[in-house]
Amino acid sequence: MSTVRLLVVTAVQSERDAVARGLDPTAPALPHPLPGHEMLRTTGGGGPHPLHADLLAAGVGPAAAAAATGAALTAAALREQPYDLVITAGIAGGFAPVAPLGSVVVADRVVAADLGAESPEGFVAVDDLGFGRSSHPCARHLGAAVARALGAVHAPVLTVSTVTGTAERAQALRTRYEGAAAEAMEGFGVAEAAAAHGVPLLEIRTVSNPVGPRDRAAWRIPDALSTLCDAFGVLRTVLDRGAPPPYS
Ligand SMILES: O=C(O)c1cccc(C(=O)CC[C@H]2O[C@@H](n3cnc4c(=O)[nH]cnc43)[C@H](O)[C@@H]2O)c1
């Protein structure tokens, strides 16, 4: 029997608490120390692979997400109990018609959609400028299995530092990243930290609003949080019944 060590990074506490309820509705998630951050741990038996899940509300945006994820991964490495999987999770904007309100998206890759330079010819991604990278792949086999179990869209998820608020920008992103399903604000930051530690990555998002003209009345945040909770219940079953780590 091998323990599965999971790190789930959300932006805010309401997302983290939805994940905790989904992973184990019966056991309370308890504080687990991480300097500078508030992290909870939920441990569960039940299946063939006991689960230790650390749940981190890292703050909004890629920088906060990268800093907190890096801290958690380093602390685990120093304890000689590295994570088997990092999941960036939460609510997101969905690109119509790929990901309508209420849908679940499992990323096949995580793309930094506004990291680069503007030019008269258009946007130039940071890797095309000759620095670093602008996308990370997600764990392919596990991602496909989770998407199948969830009936989710399995497609790229964009990371942005500014929430899209116009039809023009939504269309520009659709054109630049064909097939993109959703945008959120943390995935690429989490992915950079996970890649630095060589830990496989998933991104799971539930759609709370359409990507497009800003319309606060159209957000369905409680529904998206409830869907996020259900999605982590399904994820738990996939991890319990599937092959043990290492994940690919
Ligand atoms: O003020 C607005 O117009 C607005 C519209 C949508 C979302 C926000 C947020 O502040 C939420 C940011 C938070 O939630 C994730 N999220 C949810 N929807 C989106 C989106 O359409 N684009 C980008 N991020 C979104 C994000 O990961 C943050 O954690 C404000």
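Just follow the structure's listing: the first ligand is 1, and inside any ligand the first atom is 1.
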A.B. asks: Please work out, at 4.0 Å between heavy atoms, whether the side chain, the backbone, both, or neither of Asn209 comes within that distance of ligand 1.
C.D. replies: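 For Asn209, only side-chain atoms sit under 4.0 Å from ligand 1.
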A.B. asks: My question is simple, although I want it checked carefully: is atom 1 (O) of ligand 1 less than 4.0 angstrom from any protein heavy atom?
C.D. replies: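 Given the 4.0 Å limit, the answer for atom 1 (O) of ligand 1 is yes, a protein heavy atom qualifies.
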A.B. asks: Any non-hydrogen atom of Ala92 lying under 4.0 Å from ligand 1?
C.D. replies: yes
A.B. asks: Would you mind telling me if ligand 1 is within reach of the side chain of Ala184, the backbone, both or neither, using heavy atoms under 4.0 Å?
C.D. replies: both
A.B. asks: Could you measure the distance from the CG atom of Asp54 to the CE atom of Met39? Nearest 0.5 Å is fine.
C.D. replies: 4.0 Å
A.B. asks: Identify the protein heavy atom lying closest to atom 19 (C) of ligand 1, giving its residue, its atom name and the separation to 0.1 Å.
C.D. replies: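 That would be Gly93 N, 3.3 Å.
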A.B. asks: If you measure from each non-hydrogen atom of Glu15 to ligand 1, which part falls under 4.0 Å: side chain, backbone, both or neither?
C.D. replies: neither
A.B. asks: Please state which protein non-hydrogen atom is closest to atom 6 (C) of ligand 1 and give its distance, to 0.1 Å?
C.D. replies: Trp219 CZ2, 3.3 Å
A.B. asks: Would a distance-only check, ignoring hydrogens and angles, find a side-chain to backbone donor-acceptor pair under 3.5 Å from Arg16 to Thr10?
C.D. replies: no
A.B. asks: Using 0.5 Å steps for rounding, measure from the CD atom of Glu15 to the CD atom of Glu186.
C.D. replies: 6.5 Å
A.B. asks: Assigning hydrophobic clusters by single linkage (Ile, Leu, Val, Met, Phe, Trp, Tyr; side-chain heavy-atom cutoff under 4.5 Å), is Val111 placed with Val126?
C.D. replies: no
A.B. asks: Tell me, please: is Val163 in heavy-atom contact with ligand 1, that is, under 4.0 Å?
C.D. replies: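 The answer is yes, since Val163 has a heavy atom less than 4.0 Å from ligand 1.
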A.B. asks: Is the shortest distance from a Lys or Arg side-chain nitrogen in Arg5 or Asp84 to a carboxylate oxygen in the other one below 4.0 Å?
C.D. replies: no
A.B. asks: Taking only heavy atoms of Arg214 into account, list the atoms of ligand 1 that are under 4.0 Å away from them.
C.D. replies: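 Counting from 1, the qualifying ligand atoms are 1 (O), 2 (C), 3 (O).
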A.B. asks: Just by modelled atom types, is the Ile221 backbone N or O under 3.5 Å from a matching donor or acceptor in the Ser208 side chain?
C.D. replies: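 No; judged by distance alone, with no hydrogens or angles, the pair does not exist.
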A.B. asks: Taking only heavy atoms of Glu186 into account, list the atoms of ligand 1 that are under 4.0 Å away from them.
C.D. replies: 26 (C), 27 (O), 28 (C), 29 (O)
A.B. asks: Provide the full list of side-chain hydrogen bond (donor to acceptor under 3.5 Å, both in side chains) pairs with a residue in residues 162-179, sequence neighbours left out, each pair given once.
C.D. replies: Thr164-Arg169, Thr164-Glu183, Gln171-Arg174, Gln171-Thr175
A.B. asks: In ligand 1, which numbered atoms sit nearer than 4.0 Å to a non-hydrogen atom of Arg205?
C.D. replies: 27 (O)
A.B. asks: Any idea which heavy atoms bring Ala191 and Leu201 closest together, and the distance?
C.D. replies: CB-CD2, 3.5 Å
A.B. asks: Check whether any protein heavy atom sits under 4.0 Å from atom 11 (C) of ligand 1.
C.D. replies: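 Not a single protein heavy atom is under 4.0 Å away.
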A.B. asks: Identify the closest protein heavy atom to atom 23 (C) of ligand 1: which residue and atom is it, and at what distance?
C.D. replies: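 Here the nearest protein heavy atom works out to Glu183 OE2, 3.4 Å.
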A.B. asks: Considering residues at least two apart in sequence or located in another chain, which fulfil the side-chain hydrogen bond (donor to acceptor under 3.5 Å, both in side chains) criterion with Asp128?
C.D. replies: none
A.B. asks: To the closest 0.5 Å, what do you measure between CG (Asp240) and NE2 (His49)?
C.D. replies: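 That separation rounds to 7.5 Å.
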A.B. asks: Side chain, backbone, both or neither: which part of Met185 comes within less than 4.0 Å of ligand 1 when only heavy atoms are counted?
C.D. replies: both
A.B. asks: Counting from 1, what ligand 1 atoms have a heavy atom of Ala11 closer than 4.0 Å?
C.D. replies: 29 (O)
A.B. asks: List the closest protein heavy-atom neighbour of atom 16 (N) of ligand 1: residue, atom name, distance to the nearest 0.1 Å.
C.D. replies: Ile91 O, 3.8 Å
